[in-house]
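Only heavy atoms go into these numbers, but all of them, side chains included; no hydrogens, no water, no symmetry mates. Model, not experiment: these values are computed from the prediction.
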Number of protein chains: 2
Amino acid sequence: MNTKYLNIYNEIAGNIEKGEIKPNTKLPSENELVKKYSVSRDTIRKALNLLEQYGYIQKIRGKGSYVIDINRFDFPVSGLVSFKELSEKMGMKANTILEELQIIKPDKYLMNQLKIKENDDIWKVVRIREIDGKKIILDKDFFNKSFVPSLTEDICKDSIYEYIENKLGLCISFSKKEITVENATKEDKKYLDLQGYNMVVVVKSHIYLDDANLFQYNESRHRPDKFKFVDFARRKKLME
Amino acid sequence: MNTKYLNIYNEIAGNIEKGEIKPNTKLPSENELVKKYSVSRDTIRKALNLLEQYGYIQKIRGKGSYVIDINRFDFPVSGLVSFKELSEKMGMKANTILEELQIIKPDKYLMNQLKIKENDDIWKVVRIREIDGKKIILDKDFFNKSFVPSLTEDICKDSIYEYIENKLGLCISFSKKEITVENATKEDKKYLDLQGYNMVVVVKSHIYLDDANLFQYNESRHRPDKFKFVDFARRKKLME
DNA sequence: CAGTGGTCTAGACCACGGT
DNA sequence: CCGTGGTCTAGACCACTGA
């Protein structure tokens, strides 16, 4: 990491994750941290703001910064985390089956989702995620080919995000997710071990690069009993 | 509003919402905004950071700040928004039926969820949410009585949050939500118009005050076809 | 090259909590 | 009262973009 405030953030966040700083204890005050790290107060405040934003601490005016007792190991699906990153973090026996990989022309639905024209090229990737030997998730990805010129089987079986960020040098910035529950389709029943469930949880994501270009649409279909989404949210500042 | 940067944030956010600033256009540069508002650059940057955080703009180094084309009117369940605030914003015909309001002693499950002891008092509030005449959501709330000494039927039919924030002067700060899908219980079938669905979407929330005290546990059970959760997320900065 | 946003500093004053 | 975090300022240097 390059910047001072990110270094400090990572150090403190790591200490909280490792349990070296206990929940409900107080962090050193900003002025003490200024001395400890020999940086300006603003730099400390940037680091603390990040910690607050990601749910590590709660700052209380006049009192100090307190470590929040949130069990972070629950299931961190919030934010943007790829399946590979996630399963590694959770220590699950995960496996990916590549079902389909081809270039297609978009139908009306995809044109709308990816905001593209009818003769643009799209990478379509269909993958099945196995966890502990059970086919749990059906992942359908659509990439705008103008951002991702080539894709191979090996990349899809590994992590597409890793390829995109490290090899292509693209920077993924933000996403908009939508979670609904739908009746299982024939395709769901064909590919997944639904064990009698007739519904699936559907997560639709639009994923953007740091230049605000929409470059991926993803549809992730989960067996309902194996789905869990955890969200940490701060109360919004009001308007008007 | 008190602070300069919040004023500026609200003004720009409002202009984006009203469509006075169009998506994919560029905001004035930070230096121009400094002149326009006669404030320091840091104050402008605070406002812009908020706008970025809440998905209004994307800042691109060397280029400028661009208004993001995200349809914000979709369904803003992310963040902390009460049912009343939400239904008003969406212009839905919503109605609340108060089913139960009493003080109870916690069972083991509640003691764990609210992190309290067995002889602490708990407010239990059960409400059914009707939308367009259909019973869609079963809302079960549990408040630690030491924070909320009294509750009346009128408050529960209106907005408990409003009462808590405005009358009691408590400040709600953050929440941790968990979304799962479960088989419908007898209680679900009794209170809701499930229309044959045998599953419900369950949202469990732990809600904290700004002094980091846990004061409410909420369980919200939704008919699956009427449930939708939208999340805007920025890619997390990595650790290590 | 000039203009942009990103980081960092040093100092000031304020509002709040606890003593 | 002092120590805390919250806001605000003015100025510096850097990295990146685009002409």
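Distance from the side chain of R45(A) is smallest for dG6(D) among the nucleotides dG6(D), dG6(C), dC8(C). If you check dG5(C), dG6(D), dC8(C) against the side chain of S65(B), the one that comes closest is dG5(C). Considering only side-chain atoms of S29(B), the nucleotide from dT9(D), dT4(C), dT7(C) that sits closest is dT4(C). Picking from dT9(D), dC8(C), dT7(D) the nucleotide with the shortest atom distance to the side chain of K4(A) gives dC8(C). Candidate nucleotides dG6(C), dT4(C), dC8(D) were compared by shortest atom distance to the side chain of E32(B), and dT4(C) ranks first. Nearest nucleotide to the side chain of N31(B), out of dT7(D), dT4(C), dT9(C): dT4(C).
With respect to Y37(B), the side chain to side chain donor-acceptor pair (under 3.5 Å) criterion is satisfied by exactly one of K4(B), E11(B), E32(B): E11(B).
Two residues, P28(A) and S38(B), neighbour DNA chain D, and the one matched to the more 5' nucleotide by heavy-atom proximity is P28(A).
Nucleic acid contact for L48(A): none, since no nucleic acid atom lies under 4.0 Å from a heavy atom of the residue.
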N/O-N/O pairs, protein side and nucleotides 12-16 of chain C side, under 3.5 Å:
from, atom 1, to, atom 2, distance (Å)
dA12(C), N6, R41(A), NH1, 3.4
dA15(C), O4', R61(A), NH1, 3.4

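A centroid separation of 6.0 Å or more is found between the aromatic rings of Y54(A) and F232(A).
Partners of F215(B) according to the side chain to side chain contact (heavy atoms under 4.5 Å, CB included) rule, which considers only residues two or more places apart in sequence or in another chain, are F143(B), F147(B), V148(B), I164(B), I172(B), I207(B), L209(B). With sequence neighbours left out, T152(B) forms a side chain to side chain contact (heavy atoms under 4.5 Å, CB included) with D154(B), I155(B).
Counted by atom type alone, N144(A) and S146(A) present one or more donor-acceptor pairs between their side chains at under 3.5 Å.
Taking the charged nitrogens against the carboxylate oxygens, R127(A) and D141(A) do have a contact shorter than 4.0 Å, which makes a salt bridge.
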